[in-house]
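Some notes on the structure that comes next.
Numbers here simply count residues along the sequence, with the first being 1. What you are looking at is a predicted structure, and each value in this text was computed from that prediction instead of being measured.
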Amino acid sequence: MSQTEKRESLKLLIEAFNTGDLSLLEKCLAPDAKYTFYGTTKFAGVNDARENIRNLAKEAFPEGIKFRIRQIVVDGDYGAIHWEDLATRSGLRYHNYGVFFVQFEGNKIKHIWEYIDYERFKVFLEYGHYQRNVGESHF
């Protein structure tokens, strides 16, 4: 599959998060796609990608989350998206940076590994503290 098609799959993944239209996952995820989420929250572990994304949307970001793509790289059967995200929940603000590192199966995503500042995520998810600014924001 071409790099262009793989880049489009990565963009669709982000669009699914940004719009809340999780039906887009069927266009970009392989049937048995996995999602590795690091840290100590209840989302941690290697899980079914569709289920993990639905749970994140429902429980962590019920008011939605917006990603801004900073960079996409595709190299053979692997790719990465460097992103910035912003969300609110009950008036509390969440802002973070991260990378999805992925493995492709054809032009669909077979495995996602998410790398973020998990302390920031955990504080937002479990303690509800206001998030401090980090780095340079493009929102």
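With contacts defined as side-chain heavy-atom distances shorter than 4.5 Å, the pair E51/Y35 does not qualify. Residues K108 and L29 are not in side-chain contact: their nearest non-hydrogen atoms beyond the backbone lie 4.5 Å or more apart. In this structure, the side chains of F104 and V102 come closer than 4.5 Å at one or more pairs of heavy atoms. Taking the side chain as every heavy atom from C-beta outward, Y94 and R89 never approach each other to under 4.5 Å. When side chains are defined from C-beta on, H111 counts as touching T36, because their heavy atoms get closer than 4.5 Å. By the 4.5 Å heavy-atom criterion applied to side chains, F17 and I53 are counted as neighbours. By the 4.5 Å heavy-atom criterion applied to side chains, I116 and Y97 are not counted as neighbours. You'll find the side chain of W83 stays beyond 4.5 Å of the side chain of R70, heavy atoms only.
By the side-chain hydrogen bond (donor to acceptor under 3.5 Å, both in side chains) test, E105 is found to be paired with no residue, residues two or more places apart in sequence or in another chain being considered. Residues satisfying the side-chain hydrogen bond (donor to acceptor under 3.5 Å, both in side chains) criterion with E59, sequence neighbours excluded, are K42.
In terms of hydrophobic clustering, with Ile, Leu, Val, Met, Phe, Trp and Tyr side chains grouped at heavy-atom distances under 4.5 Å, F121 and F101 are assigned to a common cluster. Residues Y78 and I14 share a hydrophobic cluster, clusters being chains of Ile/Leu/Val/Met/Phe/Trp/Tyr side chains in contact below 4.5 Å. Hydrophobic clustering of Ile, Leu, Val, Met, Phe, Trp and Tyr side chains at less than 4.5 Å, counting indirect connections, keeps L12 apart from I65. The cluster map of Ile, Leu, Val, Met, Phe, Trp and Tyr, joined by side-chain heavy atoms under 4.5 Å apart, puts I112 and V73 in different clusters. Under the 4.5 Å side-chain heavy-atom criterion for ILVMFWY residues, no single connected hydrophobic cluster contains both L13 and V46.
When all heavy atoms of H95 and R120 are compared, the closest pair comes out as O-NH2, 2.6 Å. Contact record, A87 with G64: CB-O, 3.5 Å, taken as the closest heavy-atom pair. When all heavy atoms are compared, the tightest approach of A80 to V99 is CB-CG1, 4.2 Å. Contact detail for I109 and A33: the closest heavy-atom pair is O-CB, 3.5 Å. Here the shortest heavy-atom pairing between E63 and T88 reads OE1-OG1, 3.1 Å. The shortest non-hydrogen separation linking G39 to A44 is O-CB, 3.3 Å.
Taking OG of S9 as the start and CG of N107 as the end, the distance is 4.5 Å to the nearest 0.5 Å. Here CG of D85 is found 12.0 Å from NZ of K66. Values are rounded to the nearest 0.5 Å. How far NZ of K6 is from NZ of K11: 15.5 Å, rounded to the nearest 0.5 Å. Interatomic distance, CD1 of I69 versus CZ of F100, reported as 10.0 Å (0.5 Å rounding). We find the CD-OG1 distance between E126 and T41 to be 6.5 Å, quoted to the nearest 0.5 Å. The CG atom of L10 sits 4.0 Å away from the CD1 atom of I81 when rounded to the nearest 0.5 Å.
Checked by atom type and distance alone, the side chain of N55 never pairs as donor or acceptor with a backbone atom of F43 at under 3.5 Å. R7 contributes a side-chain N or O that, together with a main-chain N or O of I72, makes up a donor-acceptor pair within less than 3.5 Å.
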Inset, instruction - Test side-chain contact (heavy atoms from CB on, under 4.5 Å) on L56 and F37 and set out the steps. - result: CA-CA 11 Å; L56 280 165; F37 198 93; 4.1 Å; yes

